[in-house]
Amino acid sequence: MPMCEKCATIVTGRRHAAGHEDLKETGHSKYNMGQGTVYTRAYTCSTCGTKWEYEDDKNDDGAGWSRV
């Protein structure tokens, strides 16, 4: 199935960018990197099935949403 319109609007590679309400969390983890803790959360869109990961790393402005 192709990516839905809502998923197509997600901005990747930028912290604090919004997802959308049809993303359902499927898992999460945290790990320590030398300068702090990094949190990751896995999501799947309930509309189109696209899999996403959100990485929150305060030391990396390029963290954020990425398509898996």
Side-chain angles (χ1 to χ4, degrees):
M1 176 181 272
M3 187 185 301
C4 69
E5 289 181 29
K6 290 179 182 179
C7 280
T9 65
I10 293 175
V11 176
T12 59
R14 190 174 76 200
R15 285 183 65 224
H16 304 297
H20 66 78
E21 67 275 1
D22 294 333
L23 295 176
K24 305 300 178 199
E25 187 175 337
T26 58
H28 62 275
S29 62
K30 73 175 184 175
Y31 50 97
N32 291 319
M33 300 296 285
Q35 298 177 329
T37 302
V38 176
Y39 298 91
T40 60
R41 297 194 184 298
Y43 295 87
T44 300
C45 177
S46 62
T47 300
C48 67
T50 300
K51 295 185 185 304
W52 293 93
E53 181 177 79
Y54 184 83
E55 181 177 83
D56 188 7
D57 179 353
K58 69 179 181 179
N59 297 306
D60 182 1
D61 287 334
W65 290 103
S66 60
R67 190 171 172 194
V68 181

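In this chain, residues are counted from 1 in sequence order. These figures come from a predicted structure and were not determined experimentally. Computation of the quantities below employed the complete heavy-atom set of this structure, encompassing side-chain atoms and omitting hydrogens, waters and symmetry-equivalent molecules.
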### Query
Do Y31 and T40 come close enough that some side-chain heavy atom pair is under 4.5 Å?
yes

### Message
Could you tell me if the side chain of T12 sits less than 4.5 Å from the side chain of R67, heavy atoms only?
### Response
no

### Message
With rounding to the nearest 0.5 angstrom, report the SG to CH2 distance, C7 to W65.
### Response
9.0 Å

### Distance, nearest 0.5 Å, that separates OG1 of T50 from CE of M3
5.0 Å

### side-chain hydrogen bond (donor to acceptor under 3.5 Å, both in side chains) partners for E53, two or more places apart
none

### Contacts of T26 that satisfy side-chain contact (heavy atoms from CB on, under 4.5 Å) - sequence neighbours left out
A42, T44

### Message
Would a single hydrophobic cluster contain both V38 and Y54, if residues Ile, Leu, Val, Met, Phe, Trp and Tyr are joined by side-chain heavy-atom contacts under 4.5 Å?
### Response
no

### Task
Measure the OG-CD distance between S29 and E55 for me, rounded to the nearest 0.5 Å.
9.0 Å

### Summary
Residues C48 and C4: closest non-hydrogen pair is SG-N, 3.4 Å

Only pairs under 3.5 Å count here: list side-chain donor-acceptor contacts from residues 15-25, not counting sequence neighbours, and write none if there are none.
unit_1: R15; atom_1: NE; unit_2: D56; atom_2: OD1; d: 3.2
unit_1: R15; atom_1: NE; unit_2: D57; atom_2: O; d: 3.3
unit_1: R15; atom_1: NH2; unit_2: D56; atom_2: OD1; d: 3.2
unit_1: H20; atom_1: ND1; unit_2: D22; atom_2: N; d: 3.1
unit_1: E21; atom_1: OE2; unit_2: K6; atom_2: NZ; d: 2.5
unit_1: D22; atom_1: OD2; unit_2: K6; atom_2: NZ; d: 3.1
unit_1: D22; atom_1: OD2; unit_2: T47; atom_2: OG1; d: 3.1
unit_1: E25; atom_1: OE2; unit_2: H28; atom_2: ND1; d: 3.4

